[in-house]
Amino acid sequence: MTKPIAIVDCNNFYASCERVFNPKMQGRPVVVLSNNDGMIIARSAEAKAVGIKMGEPLFKIKDLIERKKVAVFSSNYALYGDMSHRVMSTLEQFSPDVEIYSIDEAFMKLDGFERYDLAEYGKEICETVEQWTGIPVSIGIAETKTLAKIANRVAKNNSKFRGVLNLYNSDERKNALLATDVADVWGVGRQYTKLLYRNGIRNAYELSLAKDKWIQKHMTITGLKTVHELRGIPCIEHEEGPPANKAIIVSRSFSHLVTSISEIREALAFYATRAGEKLRKQKSAASLMTIFLRTNPFKQSPQYHNGVVVKLPMPTDSTIEMLAYCDKGLKQIFRKGYNYHKVGIMLTGIVPLDKSQIALFDTEDRIKMAKITEVFDKINSEMGAGTLFFGTAGTKKEWITKAEMKSPRYTTRWDELPEAKADDLDEQQTELF
DNA sequence: TCTGGGGTCCTAGGACCC
DNA sequence: TCTGGGGTCCTAGGACCC
């Protein structure tokens, strides 16, 4: 017998986070912006109701925002990360098998609860999360992850379910599938939606009846799994711990156009430092580094984009080593005469860091370097990212992204606790090299 | 003036080897 | 004229997710 699985999804997560410490925002439209305050990435229910769309550039809706008195926030990932952690810890009270799927979603195995009233249990979870964290959530329960996602969506969009829909062992499944457009099925994006429409498949129920062969041919094995899941056959595994990333990317667009290689070098060094931190956090080493550089594709001006893959002599987790190769890579792809918009670094060829190997091959110097790095990471994680940084990463920080409407980091910085009423204290910076 | 960032998986096709 | 057959590995590109 297939076991029940639940998906818990935070409602309008970033917007909800901004409201938790800001009760004046209750009932008001709230939006959160992408990096550089470029576009809308989260909207409260009220903001959706006044017609603000996901992904819309801020400058295009300035009028609407003023007219409707929309509260606007730059994104504040330290806050969202911490709130996410609180929500997930709460969920762990309700099931031993919680899979954190994204910052605002988790799957929960409900083995052993088959004979209980699952909808009732779901309501209890919702209420507890809201009480303990202030974040409203919705829950879908079914035989498979894909069906649970559909249940969740229906629950969210139909107030009569009060945030919870249980489709496990339920006659309601067919109705829920009929009511779900293929575009809203987990695993079906824009391209596949067009394909399915062209072939007369419009809702999730019709998709569940599609021919296996046809699906595999046009939507690969991944699409076939989706279809089986719609039929109630689990194909997508529950993940125990988070697997180590196979790629680590750090990139940002500039807050202004950049032409000189020296500015780009500084930005790149900063991103490489972040990438190194992420790498060490998951105790891995990387053997390939891709550096990429581009102009702004939305502009009429001359376009250039290019990338280069740099092979490292042996897998490393050392920022210092990576920085040397960054320069080499950047020199290869940089061309004079363009207005640059974005630079980034990607680490791949990622392997687990095996300490014994390091001891075997490495010199004393490298072991010493590893110790310095450890202290470096520790200070930055405790005092805030960027407290210590490498000299190459520059001191001017002009390329650091724009965030003019950021809420204080209520939960992660002592100096920004809600009582303190602190506006935008400058980060303290200490140069290490 | 102003359009994000960070991931995964799958497949086809080329290079190379015997 | 006729231009093998299989394997493996790698990469680029396309699809998806949040």
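Residue numbering restarts at 1 for every chain, and letters A, B, ... go by the order of the sequence lines. Keep in mind the model is a prediction, meaning the values are calculated, not measured.
If you look at A/Tyr340 and A/Phe334, their ring centroids are closer than 6.0 Å.
Of all the heavy atoms in A/Val258 and A/Ile264, the pair that sits closest is CG1-CG1, 3.6 Å.
A/Thr146 places no side-chain N or O within donor-acceptor distance of the main-chain N or O of A/Thr226, the cut-off being under 3.5 Å. Side chain of A/Thr295 to main chain of A/Tyr304: a donor-acceptor pair is present (N/O by atom type, distance under 3.5 Å, no hydrogens or angles).
The same atom, P, is picked in C/dT3 and in B/dC17; the two are 24 Å apart, to the nearest Å.
Taking the side chain of A/Met39 as heavy atoms from C-beta on, and the options B/dT3, C/dC17, B/dG5, the nearest nucleotide is B/dT3. Among the nucleotides B/dT1, B/dG4, B/dG5, the one closest to any side-chain atom of A/Ser34 is B/dG4. Distance from the side chain of A/Ser102 is smallest for C/dC18 among the nucleotides B/dG4, B/dT3, C/dC18. The side chain of A/Phe59 has B/dC2 as its nearest neighbour among B/dC2, C/dC17, B/dG6.
Toward the 5′ end of DNA chain B lies the nearest nucleotide of A/Pro57, the other residue of the pair A/Val250 and A/Pro57 mapping further downstream. Toward the 5′ end of DNA chain B lies the nearest nucleotide of A/Leu58, the other residue of the pair A/Leu58 and A/Asn245 mapping further downstream.
For residues 202-214 of chain A, the salt bridge (Lys or Arg N to Asp or Glu O under 4.0 Å) pairs, not counting sequence neighbours, are A/Asp212-A/Arg231. Judged as a salt bridge (Lys or Arg N to Asp or Glu O under 4.0 Å), not a single pair has a partner in residues 186-198 of chain A (not counting sequence neighbours).
Under the ring pair (Phe, Tyr, Trp, His ring centres under 6.0 Å) criterion, A/Trp132 pairs with no residue at all, not counting sequence neighbours. By the side chain to side chain donor-acceptor pair (under 3.5 Å) test, A/Glu130 pairs with no residue at all, sequence neighbours left out. Remark: A/Lys149 engages A/Glu105 in a salt bridge (charged side-chain N to carboxylate O under 4.0 Å, His left out) (not counting sequence neighbours). The side chain to side chain donor-acceptor pair (under 3.5 Å) test applied to A/Ser138 returns A/Asn11, not counting sequence neighbours. Residues meeting the ring pair (Phe, Tyr, Trp, His ring centres under 6.0 Å) test with A/His85, sequence neighbours left out: none. With sequence neighbours left out, A/Arg28 forms a salt bridge (charged side-chain N to carboxylate O under 4.0 Å, His left out) with no residue at all.
Among the atoms of the strands shown, none is found under 4.0 Å from any heavy atom of A/Asp37. Looking at heavy-atom distances under 4.0 Å, A/Val32 makes no contact with the nucleic acid at all. Backbone-only engagement by A/Lys246 is indicated by non-hydrogen atom pairs under 4.0 Å involving sugar-phosphate atoms exclusively. Within 4.0 Å (heavy atoms only), A/Leu33 reaches no atom of the nucleic acid at all. Contact annotation for A/Glu105: backbone-only contact, meaning every heavy-atom pair under 4.0 Å involves sugar-phosphate atoms and none involves a base.
Residues from residues 190-227 of chain A placing a heavy atom under 4.0 Å of any atom in DNA chain C, listed by number, are A/Arg190, A/Gln191, A/Tyr192. Residues from residues 3-14 of chain A lying near DNA chain B, meaning a heavy-atom separation below 4.0 Å, are absent.
Under a cut-off of 6.0 angstrom, the local environment of OH in A/Tyr205 is sparse, with at most 12 non-hydrogen atoms contributed by other residues, nucleotides or ligands. Other residues, nucleotides and ligands place more than 12 heavy atoms under 6.0 Å from the NZ atom of A/Lys278.
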Counting Watson-Crick and G-U wobble pairs with both distances under 3.5 Å, what is the dot-bracket string for DNA chain B, 5' to 3', using [ ] for crossing pairs and | for pairs to another strand? ....||||||||||||||
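A/Ile249 has its CD1 atom 17 Å from the P atom of C/dC17, to the nearest Å.
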Please write out each protein N/O paired with an N/O of nucleotides 10-13 of chain C under 3.5 Å, distance rounded to 0.1 Å.
none

